[in-house]
Amino acid sequence: MDFLISIIMSDLENRVGGKNFIYGIVDEDLRCGKNGGKVVTRFPPEPNGYLHIGHAKSICLNFGIAEDYSGSCNLRFDDTNPTTEEQKYIDAIEEAVKWLGFDWQGRLFYASDYFARFFEFALFLIKAGKAYVCDLTADQIRTHRGTLTEPGKDSPHRNRTVEENLDLFLRMRAGEFPDGAKVLRAKIDMGAANLNMRDPVIYRIRHAMHPKTGNQWAIYPMYDYAHCVSDALENITHSLCTLEFEDHRPLYDWFLNQLPMLPHPQQIEFARLNLTYTVMSKRKLLELVESKLVNGWDDPRLPTLVGVRRRGFTPEALRIFCQRIGITKQESLIDMGYLEECLREDLNFRAPRVMAVLKPLKVIITNFDGDAIDYLPAPNHPQNVAMGSREIAFTREIYVERDDFMEQPSPGFFRLKPGGEVRLRYGYIVKCNDVVKDAQGNVIELHCTYDPRTRGGNSVDGRKIKGTIHWVSAQTVARAEVRLYDRLFEVPNPMQQRSKDFKEFFNPTSLVVLRDCFVEASLKQAKAEDKFQFERLGYFCVDYDSRENGLIFNRTVTLKDSWIKVRC
RNA sequence: UGGGGCGUCGCCAAGUGGUAAGGCACUGGAUUUUGAUUCCAGGAUACCUAGGUUCGAAUCCUAGCGCCCCAGCCA
């Protein structure tokens with residue numbers, strides 16, 4: 001079965017997507033014999049938060065290329081800023097990459113593994129006259145940097161001697177100066193049109209506890225310096241990052257040009273992922289969590305990997321999606337519907353079918369014996385007999401969906417209505433004879449008769465029954481809480497109106513909790529993350545908080561519904 | 001007004017001078033005990049705009065226009 005799944009999945013993955021402009025570059029490098037014919041990539045998250053779907057795009061790209069070229073992909077934590085990074089994020093990131101189905105094959109590294117080497121190379125830069133210690137404050141550095149249209153001014157410390165720089169830098173390392181007192185800067189060009197080249201800071205003083213190196217260091221390297229050197233030390237051949245780093249590439253190349261003992265990986269940039277009806281930046285997600293609009297980082301409404309996992313997404317769906325959206329340099333805003341479609345495609349393939357009634361309406365089968373139970377066979381998947389079948393109980397009292405009954409049916413409505421017939425899925429054809437109401441006129445119960453000749457739902461006399469509805473036996477059901485999740489925001493692009501706080505577009509009905517749902521008895525043993533299709537409703541999965549006597553399901557995504565279009 | 005990018009169907013995206021792939025969405029139709037799935041069919045005289053080169057341009061040249069990113073001792 002797994003084998004079959006993998007064949008079908010690989011077929012799905014091949015159906016669309018695949019090559020992109022980066023493959024073109026790699027192919028050309030290989031053709032020229034660059035990098036000794038090797039391809040090594042890396043996924044380099046900073047452990048300062050949880051991964052989201054945007055990271056999944058990068059993970060699929062980096063591990064995907066490595067796989068396609070029989071190369072390797074390293075997982076590297078870019079942990080150069082001790083004030084924002086934590087071990088819990090490291091653990092969560094490792095878990096997320098594994099869950100997505102990728103294997104770094106033991107190639108797990110930390111930028112902090114190279115702190116001593118970074119330091120040695122910094123000494124080399126100082127001795128080469130390419131770096132200097134600067135005493136300017138952060139504010140002064142900013143004003144000296146100039147503006148987008150005006151060149152910067154040289155720091156007064158720019159021409160310190162190598163000896164003085166060496167002495168000062170060693171003392172920075174020794175912890176002799178307080179945070180912010182001094183920095184090490186690259187000596188490049190304060191008049192450069194690219195701001196990143198105006199003597200960027202490469203080391204700052206931080207008397208802080210680092211999750212990996214503790215208090216061993218008082219100075220920490222900046223991203224621009226640490227990243228390219230880390231890539232070189234790991235023999236990365238292609239360093240893939242997002243578009244906003246394009247302006248940093250000259251600096252990436254500058255450092256490596258000053259360090260001729262190191263290989264020189266190629267940085268290639270691609271567009272980050274944006275999705276409608278959500279936000280995709282750590283800062284925004286943090287705001288949602290801290291404002292309590294959502295319940296933590298794994299809230300099923302969030303695009304975090306822990307969130308979508310809890311929501312019921314499969315790693316396969318995410319991979320199909322990443323494959324299909326492609327990799328380009330064009331900034332895009334991808335329709336959430338596209339992601340949902342990839343999800344449905346995978347879930348349709350793997351989720352067993354089951355019946356559940358979310359908003360119950362009691363139905364009495366008046367001509368069915370009150371003590372009898374008729375066990376009816378029901379396939380677990382209509383297109384895949386290999387998934388087997390189960391028996392569902394048919395009894396005198398059952399529940400159907402309130403929405404499947406209309407006292408005054410609108411045109412085209414072919415479910416239950418007074419005097420009408422409908423098929424109970426895998427059950428019998430029933431006819432609605434009486435509508436029972438309470439004092440306020442609310443429909444509280446339906447009285448129907450069943451046609452015993454139609455067991456299994458087959459019409460024996462050739463009469464056409466257009467409607468088939470789901471149902472559960474009132475005698476044997478399990479009660480459940482069902483959490484209906486919908487889009488996080490009410491507008492496709494909550495970031496579009498810059499004047500407004502994006503949180504104003506939060507969708508107040510993004511979570512609706514239904515506490516009196518009934519699910520068929522076979523679901524009593526379902527475990528967290530188990531996925532099902534509730535027939536005619538959507539895909540649901542068992543929440544982590546679910547217990548055998550207190551089942552909780554999350555709605556992952558609804559089924560496509562063309563009736564809703566007719567109705568509106 | 002500096003520098004770096006990007007502009008091909010509603011949303012993605014192929015295309016690298018030879019006469020516009022594909023996916024999603026949409027619209028028809030078929031099958032269906034999920035108004036699901038599956039299947040079949042449909043669509044850019046047109047590639048930001050305007051000129052130009054060429055037998056021929058989305059692809060080359062020129063000039064515009066639009067959008068994104070950059071002034072952290074964040075990554």
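Here is the naming used below: chain letters follow the sequence lines, and residue numbers restart at 1 for every chain. All values below come from the heavy atoms of this structure, side chains included, with hydrogens, waters and symmetry mates left out.
To the nearest whole angstrom, the two P atoms, one in B:G7 and one in B:C40, are 33 Å apart. Comparing the C1' positions of B:G66 and B:U27 gives a spacing of 32 Å, expressed to the nearest Å. B:G72 and B:C11 have their P atoms separated by 34 Å, with the value rounded to a whole Å. Straight-line distance between the P atoms of B:C48 and B:U16: roughly 16 Å, to the nearest whole Å. When the P atom is compared between B:U8 and B:U49, the two are found 10 Å apart, to the nearest whole Å. Spacing of C1' atoms, B:C24 relative to B:C6, comes out at 23 Å, to the nearest Å. Nucleotides B:G18 and B:A57 place their C1' atoms 9 Å apart, quoted to the nearest Å. Taking atom P on both nucleotides, B:A58 is separated from B:A21 by 13 Å, rounded to a whole Å.
Cation-pi geometry between A:Arg171 and A:Phe177 is not satisfied (NZ or CZ under 6.0 Å from the ring centre, within 45° of the ring normal). Judged by the 6.0 Å and 45° rule, A:Arg487 forms a cation-pi pair with A:Tyr277.
Contact of A:Arg353 with B:U34 (side chain to base): a donor-acceptor pair of N or O atoms is detected under 3.5 Å. The base of B:U38 does not come close enough to the side chain of A:Gln383 for any donor and acceptor atom to sit less than 3.5 Å apart. Not a single donor-acceptor pair, N or O on each side, falls under 3.5 Å between the base of B:G4 and the side chain of A:Asn194.
Listed pair A:Arg204 / B:C74 meets the phosphate criterion, a side-chain N or O lying under 4.0 Å from OP1 or OP2. The shortest distance between the side-chain N/O atoms of A:Arg249 and the OP1/OP2 oxygens of B:G4 is not below 4.0 Å. For the pair A:Thr83 and B:C74, the criterion of a side-chain N or O lying under 4.0 Å from OP1 or OP2 is not met. Distances shown here put every side-chain N or O of A:Arg283 at or beyond 4.0 Å from the OP1 or OP2 atom of B:A75. A sub-4.0 Å separation between OP1 or OP2 of B:G4 and a side-chain N or O of A:Lys329 is absent. When the side-chain nitrogen and oxygen atoms of A:Lys560 are compared with OP1 and OP2 of B:G35, none of them lie within a distance under 4.0 Å. Using a 4.0 Å cut-off, no side-chain N or O of A:Arg423 falls inside it from OP1 or OP2 of B:U32. Residue A:Thr468 has no polar side-chain atom (N or O) positioned under 4.0 Å from OP1 or OP2 of B:U34. Distances shorter than 4.0 Å separate some side-chain N or O of A:Arg206 from OP1 or OP2 on B:C74. Residue A:Arg272 has no polar side-chain atom (N or O) positioned under 4.0 Å from OP1 or OP2 of B:A75.
Here A:Arg142 lies in heavy-atom contact (under 4.0 Å) with sugar-phosphate atoms only. Across all strands shown, A:Leu347 has no heavy atoms under 4.0 Å from either base or sugar-phosphate atoms. Using a 4.0 Å heavy-atom distance criterion, A:Glu269 is classed as making no nucleic acid contact. Base contact: A:Phe414 has a heavy atom under 4.0 Å from a base atom. Counting any heavy atom pair closer than 4.0 Å across all strands shown, A:Gly412 reaches a base atom. In this structure, A:Leu148 reaches the bases: a heavy-atom distance under 4.0 Å links it to at least one base atom across the strands shown. Within the nucleic acid shown, A:Tyr203 has no heavy atom closer than 4.0 Å to any nucleic acid atom. At a threshold of 4.0 angstrom between heavy atoms, the contacts of A:Arg425 include nucleobase atoms, whether or not backbone atoms are also involved. Using a 4.0 Å heavy-atom criterion, one finds that A:Leu333 contacts the sugar-phosphate atoms exclusively. At the heavy-atom level, A:Glu535 lies under 4.0 Å from base atoms of the strands shown. A:Ile334 comes within 4.0 angstrom of the backbone, heavy atoms only, and of no base. Residue contacts for A:His470: at a heavy-atom cut-off of 4.0 Å it reaches no nucleic acid atom on any strand shown. In this structure, A:Pro382 reaches the bases: a heavy-atom distance under 4.0 Å links it to at least one base atom across the strands shown. Nucleic acid contact class of A:Asn458 (heavy atoms, under 4.0 Å, all strands): base.
A glycosidic torsion no more than 90° from 0 defines the syn conformation, and B:G72 adopts it.
The distance from atom CZ of A:Phe321 to atom C1' of B:C24 is 11 Å, rounded to the nearest whole Å. One can place OH of A:Tyr23 at 15 Å from C1' of B:A13, the figure rounded to the nearest angstrom. The nearest whole Å value for the distance from the CD atom in A:Gln323 to the C1' atom in B:A14 is 14 Å. Per the geometry, OH belonging to A:Tyr252 stands 21 Å off P belonging to B:C70, to the nearest Å. Rounded to an integer number of Å, the gap from A:Phe540 CZ to B:A36 C1' is 13 Å.
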What verdict does the side chain to side chain contact (heavy atoms under 4.5 Å, CB included) test give for A:Phe534 and A:Val354, after you've listed the backbone C-alpha separation in whole Å, the side-chain angles of each residue and the deciding distance to 0.1 Å?
CA-CA 5 Å; A:Phe534 288 0; A:Val354 102; 3.4 Å; yes

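Note: A:Lys187 NZ to A:Asp154 CG = 9.0 Å, rounded to the nearest 0.5 Å.
Listed candidates were B:G5, B:A75, B:U1. Nearest to the side chain of A:Leu243 is B:G5. Considering only side-chain atoms of A:Leu195, the nucleotide from B:A71, B:A25, B:C73 that sits closest is B:A71. Distance from the side chain of A:Thr80 is smallest to B:A75 among B:C24, B:C73, B:A75.
Taking a cutoff of 4.0 Å between a charged side-chain nitrogen and a carboxylate oxygen, A:Glu520 and A:Arg390 qualify as a salt bridge. Between A:Arg198 and A:Asp189 there is no salt bridge, since no side-chain nitrogen of the basic residue lies less than 4.0 Å from a carboxylate oxygen of the acidic one.
Position along RNA chain B of the nearest nucleotide to A:Ala193 versus A:Thr137 favours A:Ala193 as the more 5'-ward residue. When the nearest nucleotides of RNA chain B are assigned to A:Phe245 and A:Asp561 by heavy-atom distance, the more 5′-ward of the two goes with A:Asp561.
Stacking between A:Tyr223 and B:A75 is absent: the aromatic ring centre is not both under 5.5 angstrom from the base six-membered ring centre and within 30 degrees in plane angle.
When ring centroids are compared, A:Phe255 and A:Tyr225 come within the 6.0 Å threshold. For an aromatic pair to be called close, the ring centres must be under 6.0 Å apart, and A:His210 with A:Phe115 satisfies this.
Annotation for A:Glu86: atom CD counts as buried by contact number, over 12 foreign heavy atoms lying within 6.0 Å.
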